[in-house]
Protein chains: 2
Amino acid sequence: MEVCITSLLRDKGFKVTPQRLAIYNMLSSTRSHPNAEMIFNELQAMYPTMSLATVYKTMEILKEIGLVQVLNAGEDSFRYDAVMTNHPHVRCTECGKVEDVYDVNIDAFVNEVSQGTKYQIMGQQFYFHGICPNCQRKNSN
Amino acid sequence: MEVCITSLLRDKGFKVTPQRLAIYNMLSSTRSHPNAEMIFNELQAMYPTMSLATVYKTMEILKEIGLVQVLNAGEDSFRYDAVMTNHPHVRCTECGKVEDVYDVNIDAFVNEVSQGTKYQIMGQQFYFHGICPNCQRKNSN
DNA sequence: GTTTCTGCAAAAGGTTTGCATATAC
DNA sequence: GTATATGCAAACCTTTTGCAGAAAC
């Protein structure tokens, strides 16, 4: 996996830096879909000199070389996901967390919509919102 | 239609003002999914004293009383749609316009995902991106 | 007459940019 | 040694907020 990002960066003329590796490693080992500030905070302990600007600049590059996708689930900030397969996301409107939706076959739906428009479709993003199991339990107490 | 917004506003304790009517009228008679600034600019001619803040405050109320939905198709600003039925949106990555996707039945897909998560699903938003017919034509010249 | 709204200006929050120093190669 | 990256601070852009005067009811 690190081989992957290292060679991808080099191939496109970008340099391989500890900051870039740390950011990508953190992102690819979480399922929390963090935004820039969450990534920055998470890395503070190990990389105390890292700046928010570096996180943003790195996300720009990772997006460009196809290692991350950018999410907006209706919030003020963008979130990032290192899982590049097509999958819907669901956001809990109470606690705010964003989770992956697995075990759903979106291909048929994507095909249907692709054929329903005259657009040359390059990608898509599906967002659900609702109340997560945890918050449902809290509500019923 | 105006009857609808008028009584909906009054019922919830909001006052009926020319600005609110103008904003809702403009939004419900376009398919361009404008953001706040586009709405503001569009209304400048007829309502020269209207402020951007009023547009934002009005959208907040219209969202609350269920007359508009808020979109984010991966851009920096939010767009607004007075069509409240469930339908996907598609954004052209070249010219930036956002259009509705019609004639697609999303119910089966929504049901499948709803059942695939443990969330209590309240709503969803589907965004496609690609190249619109116009821009495809321009590109091939 | 009371309550809510508008419009302005200022503030806030997320993201981008410019630049000097530091690091990768 | 050269080219690119980092980190800081300032700038930027969208959206929100506070408040005095205005409009709705």
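Given the structure is predicted, the values throughout are model-derived calculations rather than measurements. Letters go in sequence order (proteins before strands), and every chain restarts at 1. Both backbone and side-chain heavy atoms feed into the values below; hydrogens, waters and symmetry mates do not.
Regarding contacts with the backbone of D/dT6, every side-chain N or O of A/S51 stays at 4.0 angstrom or more from both OP1 and OP2. Between C/dC25 and A/R10, a contact under 4.0 Å exists linking OP1 or OP2 to a side-chain N or O. Using a 4.0 Å cut-off, no side-chain N or O of A/T17 falls inside it from OP1 or OP2 of C/dA24. Residue B/Y56 places at least one side-chain N or O closer than 4.0 Å to OP1 or OP2 of D/dT15.
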Acceptor/donor pairs from residues 99-106 of chain A side chains to any protein atom, 3.5 angstrom cut, sequence neighbours excluded:
unit_1, atom_1, unit_2, atom_2, d
A/E99, OE1, B/Y119, OH, 2.5
A/D100, OD1, A/H33, NE2, 2.9
A/D100, OD1, A/H87, NE2, 2.6
A/D100, OD1, A/H89, NE2, 3.2
A/D100, OD2, A/Y102, OH, 3.1
A/N105, OD1, A/D107, N, 3.0

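For the residue pair B/E94 / B/Q136, no side-chain donor-acceptor distance below 3.5 Å is found, with atom types taken as modelled.
With C/dC5, D/dG7, D/dT6 as the choices, the nucleotide that has an atom nearest any side-chain atom of A/R20 turns out to be D/dT6. Proximity note for B/S77 (side chain, C-beta onward) versus C/dA24, C/dG7, D/dT14: the nearest is D/dT14. With distances taken from any side-chain atom of A/A53 to the nucleotides C/dT17, C/dC25, C/dT15, the minimum falls on C/dT17.
Using a 4.0 Å heavy-atom criterion, one finds that A/P18 contacts the sugar-phosphate atoms exclusively. Looking at heavy-atom distances under 4.0 Å, B/Q19 makes contact with sugar-phosphate atoms alone, never a base.
If B/K57 and B/K15 are placed on DNA chain C by their nearest nucleotide, the residue sitting closer to the 5' end is B/K15.
Ring centroids of B/F126 and A/F128 are separated by less than 6.0 Å, placing the two rings close together.
Checked by atom type and distance alone, the side chain of B/R79 pairs as donor or acceptor with a backbone atom of B/S32 at under 3.5 Å.
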